[in-house]
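Below is one structure; the comments refer to it alone.
When a ligand or atom number is given, it counts from 1 through the structure's own listing order.
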Amino acid sequence: MDNKHLIIGLTASHKLAEKIAKKLNTRVAKATIKHFADGETIVTMDETVRAKHVYFVQATSKPVNENLMELLIAIDSARRASAKSITVICPYFGYARQDRKTNAREPITCKLASKLIERAGADRITIVDLHSEQAQGFFEVPADTVTASYQIMKEIIKDYGVKNTIVVSPDYGSVKRARKLSHRLGLPMAILDKRRPEPNKAEICSVLGEVRGKNCIIIDDMIDTGGTLLAACAILKKKGAKNIIAGATHGLFSNNGEARFNDAAKKKIFSRLYVSNSIDNVYDLKIKNLKIVDISDLLSKIVNVYVSDGKHTITELYAATKIRREK
Ligand code: R5P
């Protein structure tokens, strides 16, 4: 990548930005992030961005407001310093779950966050596993959404194969993702009937499909508290599943989720847990049988598509990363 393109990792995604830059044979350009005594953030580019294409890598994960605001301020400073274009590489887009009003007088934060990023001056955004695909429509600038579920599935297949296996959707919202995976691998699919009696509490009432004696692969877009995936593993075990292999793109592990997963792993409630490095903090997790799936290759290839200025496309990149059942 030539010096007309600059990768800048912000606080939440330093490690991922380093990995992306390494894959692109370039360095991470530096920005200084400081805080005033009252908590205000100031982001300063440490080198010229004038007439350059800037790529900010930042997950808007915990602390969500801090990281989002830091991203907005970084975009503002690059815009005011005459960057030619600003692309946000957002490995995890926080606030995405509030994408519609389910009750009166509720906000739609997904739309609000997308508007803020755009108004700050971003020209384009890439998001990994955006909570709902239709939320792409909240952006007026080009929004490329990609999934890490194929990378996760590839790792699982490498470790477990596909014999005697069923793909399980953790809830109705995830059926589309599970169907794509099961279809590509020629595997059957089961669906879990999940309800939320209150926010952050998950109850799984029944399993649609036969899981007894089978290896169950269950991949969600995110683990927040872990309620969904742990409840899913528990019911699959109760129904006689052989191996339960769980995965998620985004590992937030809120409210002591790390300890609960570690406990569940020790009790053999699941065989292995696969989580992508969309959030840098996954490298600090101490969970037995956790495997981290690196998505820097996927993201570096996306940056390459942008750098190629029309010579390559996301469609062709995507076609190459998709999974197929080995003959
Ligand atoms: C729900 O729609 C999502 O896909 C996830 O299943 C959910 O956000 C995970 O949250 P938790 O880990 O707290 O159950």
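- Counting heavy atoms closer than 4.0 Å to ligand 1, residue Lys194 contributes side-chain atoms (C-beta onward) but none from N, CA, C or O.
- Distances below 4.0 Å separate heavy atoms of Gly227 from the following atoms of ligand 1: 11 (P), 12 (O), 14 (O).
- No donor-acceptor contact under 3.5 angstrom links the side chains of Asn164 and Asn215, judged on distance only.
- At least one side-chain heavy atom of Ser61 sits under 4.5 Å from a side-chain heavy atom of Asn67.
- When each atom of ligand 1 is checked for a heavy atom of His131 under 4.0 Å away, the hits are 1 (C), 2 (O), 3 (C), 4 (O).
- Counting only N and O atoms by type, the side chains of Arg196 and Thr228 include a donor and acceptor under 3.5 Å apart.
- Side-chain contact of Thr126 with Asp144: a donor-acceptor pair under 3.5 Å is absent, judged by distance alone.
- Within the 4.0 Å heavy-atom shell around ligand 1 one finds Gly226.
- Considering only heavy atoms from C-beta on, Ile218 stays 4.5 Å or farther from Cys216 through its side chain.
- Residue contacts with ligand 1 for Arg196 involve side-chain atoms from C-beta outward but no N, CA, C or O (heavy atoms, distance under 4.0 Å).
- Rounded to the nearest 0.5 angstrom, Phe253 CZ and Met222 CE are separated by 11.0 Å.
- From the protein, the heavy atom lying nearest to atom 9 (C) of ligand 1 is Met222 O, 3.5 Å.
- Under a 4.0 Å N-O distance rule, the pair Lys194/Asp171 qualifies as a salt bridge.
- At a 4.0 Å heavy-atom cut-off, ligand 1 does not touch Leu229 at all.
- Within ligand 1, the atoms closer than 4.0 Å to a non-hydrogen atom of Ile223 are 12 (O), numbered from 1 in the order shown.
- The nearest protein atom to atom 4 (O) of ligand 1, hydrogens excluded, is given as Asp221 OD1, 2.6 Å; this is a heavy-atom distance.
- The heavy atom nearest to atom 5 (C) of ligand 1, considering only Asp220, Asp129, Asn255, is found in Asp220.
- For the side chain to side chain donor-acceptor pair (under 3.5 Å) test with Asp263, the passing option among Lys267, Arg260, Lys266 is Lys267; the others fail.
- Closest protein heavy atom to atom 14 (O) of ligand 1: Thr228 OG1, 2.5 Å.
- Heavy atoms of other residues, nucleotides or ligands lying less than 6.0 angstrom from NE2 of His35 number more than 12.
- With a 4.0 Å heavy-atom cut-off, ligand 1 is reached by the backbone of Thr225 and by its side chain too.
- Of all the heavy atoms of Arg97, the ones lying under 4.0 Å from any atom of ligand 1 belong exclusively to the side chain.
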